[in-house]
Amino acid sequence: MPKLAISGKGGVGKTTLASLLAYIYAEEGKVLAIDADPAASLASALGIPPDVAAKIVPIAEMGDLIEERTGARPGSSGGMFSLNPRVDDIPERFSASHRGIKLLVLGGVKRGGAGCMCPEGSLLKKLVMHLFIGRSEAVILDMEAGLEHLGRGTAGAVDAFIVVVEPGQRSLQTAQAIRHLAGDIGIHRVFVVGNKIRNEQDERFILDRLPGDEVLGFLPFSERVIEADMNGVAVFDVAPEIVAEARRIRTKLTFS
């Protein structure tokens, strides 16, 4: 089962794609979906009931757990803490299950940026490495435009790094920056998915400005995505035209 990381500028629809692929892979086996975006909206995109989603605590906010595993409280600096904390039990203990998908919310390190040398950063990076290297099910990581939770130790286990873009200069500039960041840590299987596509002109806009990228497909613009978000239901359940394209994208994600 594949290990996928999905990124992109805020608002382009990467969480929508992550939720669609999670449901599609759940038809084939077990899936662990990881919300590593500080905005934390994957639970809603999966249609997890609000009362269940409200009980999910991001790992980065579990001060007692972080201190137990690293030897230091979150937010501390300058002291000693473990760079190799135990994490193998965390997915089972702190994930929420919904329709064959386990969801784990990481949260973000609130200071220090991508290179934060702090207890919470140490735990999260080790956890992501375990999720990609030590798990047998499909893993889908929904992350922000930065690569905060990924490192060189994880790069070799990433089967595909997918950047979601929309027709627009800022989105494509962010995609190019993300691709460079991925290459810097050794991730070279980088693909693009276009989202909110209205017509062939939108497709051509993306294709002409991302030479060399392998575009996996284009998700059409749909009011049903907005309605699904407003109603707290999964796009997978209400937008068959988008699901059909997501299935075509999944068929292109084959790995030796």
Minimum-distance pair of heavy atoms, taken over all atoms of [X] and [Y]:
{"X": "Asp35", "Y": "Ala43", "result": "OD2-N, 4.5 Å"}
{"X": "Pro119", "Y": "Ala72", "result": "CG-CB, 3.5 Å"}
{"X": "Leu21", "Y": "Ala246", "result": "CD2-O, 4.2 Å"}
{"X": "Lys14", "Y": "Asp142", "result": "NZ-OD1, 3.2 Å"}
{"X": "Thr70", "Y": "Pro85", "result": "CG2-CB, 4.2 Å"}
{"X": "Ala33", "Y": "Leu46", "result": "CB-CD1, 4.5 Å"}

Are [X] and [Y] grouped together when hydrophobic residues (ILVMFWY) are joined by side-chain heavy atoms under 4.5 angstrom apart?
{"X": "Ile226", "Y": "Ile197", "answer": "no"}
{"X": "Leu103", "Y": "Val52", "answer": "yes"}
{"X": "Val235", "Y": "Val233", "answer": "no"}

Flag yes if more than 12 heavy atoms outside Gln201 fall under 6.0 Å of its CD atom; otherwise flag no. no

query = Should the heavy atoms of other residues, nucleotides or ligands under 6.0 Å from CZ of Arg170 be counted, would the total exceed 12?
reply = no

With a 4.5 Å limit on heavy-atom distance, are the side chains of [X] and [Y] in contact?
{"X": "Val164", "Y": "Leu219", "answer": "no"}
{"X": "Leu42", "Y": "Ile140", "answer": "no"}
{"X": "Phe94", "Y": "Met62", "answer": "yes"}
{"X": "Ile162", "Y": "Val193", "answer": "yes"}
{"X": "Ile90", "Y": "His130", "answer": "no"}
{"X": "Tyr25", "Y": "Pro2", "answer": "yes"}
{"X": "Glu27", "Y": "Arg250", "answer": "no"}
{"X": "Leu32", "Y": "Arg135", "answer": "yes"}

Any chance you could measure [X], atom [atom1], to [Y], atom [atom2], to the nearest 0.5 Å?
{"X": "Lys30", "Y": "Ile101", "atom1": "NZ", "atom2": "CD1", "result": "14.0 Å"}
{"X": "Arg189", "Y": "Leu253", "atom1": "CZ", "atom2": "CG", "result": "11.5 Å"}
{"X": "Gln173", "Y": "Gln169", "atom1": "CD", "atom2": "CD", "result": "6.0 Å"}
{"X": "Leu207", "Y": "Phe218", "atom1": "CG", "atom2": "CZ", "result": "4.0 Å"}
{"X": "Met129", "Y": "Ile133", "atom1": "CE", "atom2": "CD1", "result": "5.5 Å"}
{"X": "Leu104", "Y": "Ile59", "atom1": "CG", "atom2": "CD1", "result": "5.0 Å"}

Tell me if a side-chain donor or acceptor on Ser7 pairs with a main-chain N or O of Glu144 at a distance below 3.5 Å.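 Yes; at least one donor-acceptor contact below 3.5 Å.
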
- Message: Exactly one of Glu61, Arg73, Glu120 should register a side-chain contact (heavy atoms from CB on, under 4.5 Å) with Ile66. Which one does?
- Response: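 With Ile66 as partner, Glu61, Arg73, Glu120 yield a single side-chain contact (heavy atoms from CB on, under 4.5 Å), made by Glu120.
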
From Val238, Asp237, Leu20, residue fulfilling side-chain contact (heavy atoms from CB on, under 4.5 Å) relative to Val243: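 Of all the options given, the one that passes is Leu20.
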
- Task: Just say parallel, tilted or perpendicular for the rings of His98 and Tyr23, cut-offs at 30° and 60°.
- Result: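 His98 vs Tyr23 ring planes: perpendicular.
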
Would Arg69 and Lys126 count as a side-chain contact (heavy atoms from CB on, under 4.5 Å) if you check the C-alpha gap in whole Å, the side-chain angles of each, and the deciding distance to 0.1 Å? CA-CA 11 Å; Arg69 299 303 169 90; Lys126 180 63 186 302; over 6 Å; no

- Query: Does the pair Leu141 and Leu131 meet the rule for a side-chain contact (heavy atoms from CB on, under 4.5 Å), with working shown?
  - Reply: CA-CA 9 Å; Leu141 179 69; Leu131 296 172; 5.9 Å; no

query = Is there a side-chain contact (heavy atoms from CB on, under 4.5 Å) between Asp202 and Phe221 once you walk through the steps?
reply = CA-CA 10 Å; Asp202 283 351; Phe221 174 84; over 6 Å; no

| Could Arg248 and Glu245 be called an ion pair, given the rule that one side-chain N must be under 4.0 Å from one carboxylate O? |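 Counted as a salt bridge, because a side-chain N and a carboxylate O are separated by less than 4.0 Å.
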
**Basic-acidic side-chain contact under 4.0 Å: Lys102, Glu92** =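 Yes, Lys102 and Glu92 are salt-bridged.
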
Check your understanding: Looking at Phe205, does the NZ or CZ of Arg209 lie under 6.0 angstrom from its six-membered ring centre and within 45 degrees of the ring axis?
Key -> yes

* List the steps, then state whether side-chain contact (heavy atoms from CB on, under 4.5 Å) holds for Asp159 with Lys3. => CA-CA 5 Å; Asp159 291 309; Lys3 306 296 187 285; 3.7 Å; yes

